[in-house]
Amino acid sequence: MIKAVRGTRDLLPPETALWNFVEAAVRDVFRAYNFHEIRTPIFEETQLFARSVGEETDIVSKEMYTWKDRGGTQSDEFGRFLDLIEEKLDLSVTDARDQIKLSRSTRGLYGQWKGESLTLRPENTAGVVRAYIEHKLWERGLNKLYYIGPQFRRERPQKGRYRQFYQIGAEIIGPPSAGSESPARDAEILELLATLLDRLGIENWTLQLNSVGCPNDRAAYNEALRKALEPVVGQMCADCQRRAVTNPLRVFDCKVPADQPIIETLPRISQFLDEPCRRHFEQVQEILKSVGVEFQLNDRLVRGLDYYSRTAFEFTHGALGAQNAILGGGRYDGLSESIGGPSAPGIGFAIGEDRMVLALKKSADAVQRKPDVYVAPLGAGMDREAARLARELRRHDVVVDLGDETFRLKKSFETASKLGARFILIVGENEVKAGAFALKNLESGEQVSVPRAELPQKILAREHS
Ligand code: AMP
């Protein structure tokens, strides 16, 4: 038997009803905050993630699904390459001399054509910022964008951690002149999240808040970290020993229990914030207090991606166990520049939708809309009539499930009950002739004969009685 690949899973009904419930609620909230949807490709050039998320992060160094895309076939390789050159550079390659000249100047292009390195997106912020640059979205001023979709990381699977998982995320990004750096945007994002979790009925969440400073602070902080690590790093895990040299901030990502007491003693970023960063962080907190969103300061929180600056945050949820981070995010003021774009400060978050669904108290049954009516054709030739009737009802937004004329009445009743339909509607020859149908309420047992034209109102009206 062929099974779903480790770390991936099928989402089946009725659970998918919960996913739809979450996504519909989320879209409502985004609408109220004037966010608009963006959909970026599932795969991108590998270097996009290497340059934005960071080479030394767990995501880029260990967890990405990367492959070399197939170029041309062996036999026609060079010929097709030349076709590409002609097309790209708008010139014609006619003789050998031209070919040799070209082969010198176009080695890079050839490499690209032979097979570029592609990666399944491990997160969506890099793709959004790439799209921002590619489509010059700064011309629109401040962009408030959201996305919903799958992400891929080769992590060790466990409850709440998958290799294909789903994120719901949002970004506020734009040129500084549009106010993209303002602490008001950070607070707006955090207040939106509090609203969203409350709206979904997710209780007992905690907002953990930190500022990881700007490149200014980071240089001094990294220096201090290196110094503090020097005498102790020999006792730490191999990853930490490497990080201490290449990117000491990433030491805080370490999950090795034996390393934790050492990490506890390291200097914290909060002591290294410069005046503008400190002020920015204070303003975020002031607005949060004014709107009544509670938070905890946590200066160990540095998030597992390099692109964050200033505000960084996580919402955790008690009931989720080891994988208790339900969402995370922060500011990424230098990200656009790091992938070749203009200055475009931004802030965003990503919710783990899988974990959000796990944390929901509601059951899938509670949010699933059961059929309003089961239309039961009775006897030969009645499938045609039942199909017409079902079509009429569905046009009136009645949820209809449709039976089969070969079923005996008893089987139709059993099927209708199993589906949880509120009504069963019998379509037999007599009913069709009379233009009135037997409608039975499966909850109360009441049965009435209803003229065709009144069926939609009768069926829907009962819902509220
Ligand atoms: P990150 O992009 O690492 O900041 O993650 C944001 C959120 O996505 C986390 O708080 C989790 O809820 C969720 N998440 C990250 N990785 C996984 C995974 N492998 N499986 C399920 N959810 C994940």
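A quick note: this is a predicted structure, and the numbers were derived from the prediction, not measured. Position 1 is the first residue of the sequence; numbering continues from there. Counting starts at 1 for both ligands and their atoms, in listed order.
- Considering only non-hydrogen protein atoms, atom 21 (C) of ligand 1 sits nearest to Gly160 O, 3.2 Å.
- Considering both main-chain and side-chain atoms, Ala325 comes within under 3.5 Å of ligand 1 through a nitrogen or oxygen pair.
- Distance check, rounded to the nearest 0.5 Å: SG of Cys254 to CD1 of Ile263 gives 4.5 Å.
- The proximity of Glu155 to ligand 1, defined as any non-hydrogen pair under 4.0 Å, is limited to the side chain.
- In terms of protein heavy-atom proximity, atom 13 (C) of ligand 1 is closest to Gly352 CA, 3.5 Å.
- On a distance-only criterion, Arg153 and ligand 1 share at least one N/O pair closer than 3.5 Å.
- Nearest non-hydrogen protein atom to atom 20 (N) of ligand 1 is Tyr162 N, 2.9 Å.
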- Evaluation steps, side chain to side chain contact (heavy atoms under 4.5 Å, CB included), between Asp401 and Val375: CA-CA 6 Å; Asp401 212 326; Val375 175; over 6 Å; no

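- Inclusion of Glu123 in the set of residues having an N or O under 3.5 Å from an N or O of ligand 1 is not warranted.
- Interatomic distance, Ile173 CD1 to Trp138 CH2, rounded to the nearest 0.5 Å: 10.0 Å.
- Of the protein's heavy atoms, Arg355 NH1, 3.4 Å lies nearest to atom 11 (C) of ligand 1.
- Looking from atom 14 (N) of ligand 1 to the surrounding protein, the closest heavy atom is Phe165 CE1, 3.6 Å.
- At a heavy-atom cutoff of 4.0 Å, ligand 1 is contacted by the backbone of Ile326 but not by its side chain.
- Neither the backbone nor the side chain of Arg163 has a heavy atom within less than 4.0 Å of ligand 1.
- Gln167 NE2, 3.5 Å is the protein heavy atom nearest to atom 5 (O) of ligand 1.
- At least one heavy atom of Arg303 sits less than 4.0 Å from an atom of ligand 1.
- In this pair, Phe349 and Phe30 present their aromatic rings parallel. The plane angle is below 30°, not in the 30 to 60° band.
- Considering Arg243, Lys255, Arg154, Arg153 in turn, Arg243 is the only one that fulfils the salt bridge (Lys or Arg N to Asp or Glu O under 4.0 Å) rule with Asp58.
- Under a 4.0 Å N-O distance rule, the pair Arg218/Glu223 does not qualify as a salt bridge.
- A salt bridge is absent between Glu414 and Lys411; no separation between the charged side-chain nitrogens and carboxylate oxygens falls under 4.0 Å.
- Using a 4.0 Å cut-off between a side-chain N of Lys or Arg and a carboxylate O of Asp or Glu, Glu139 and Lys136 do not qualify as a salt bridge.
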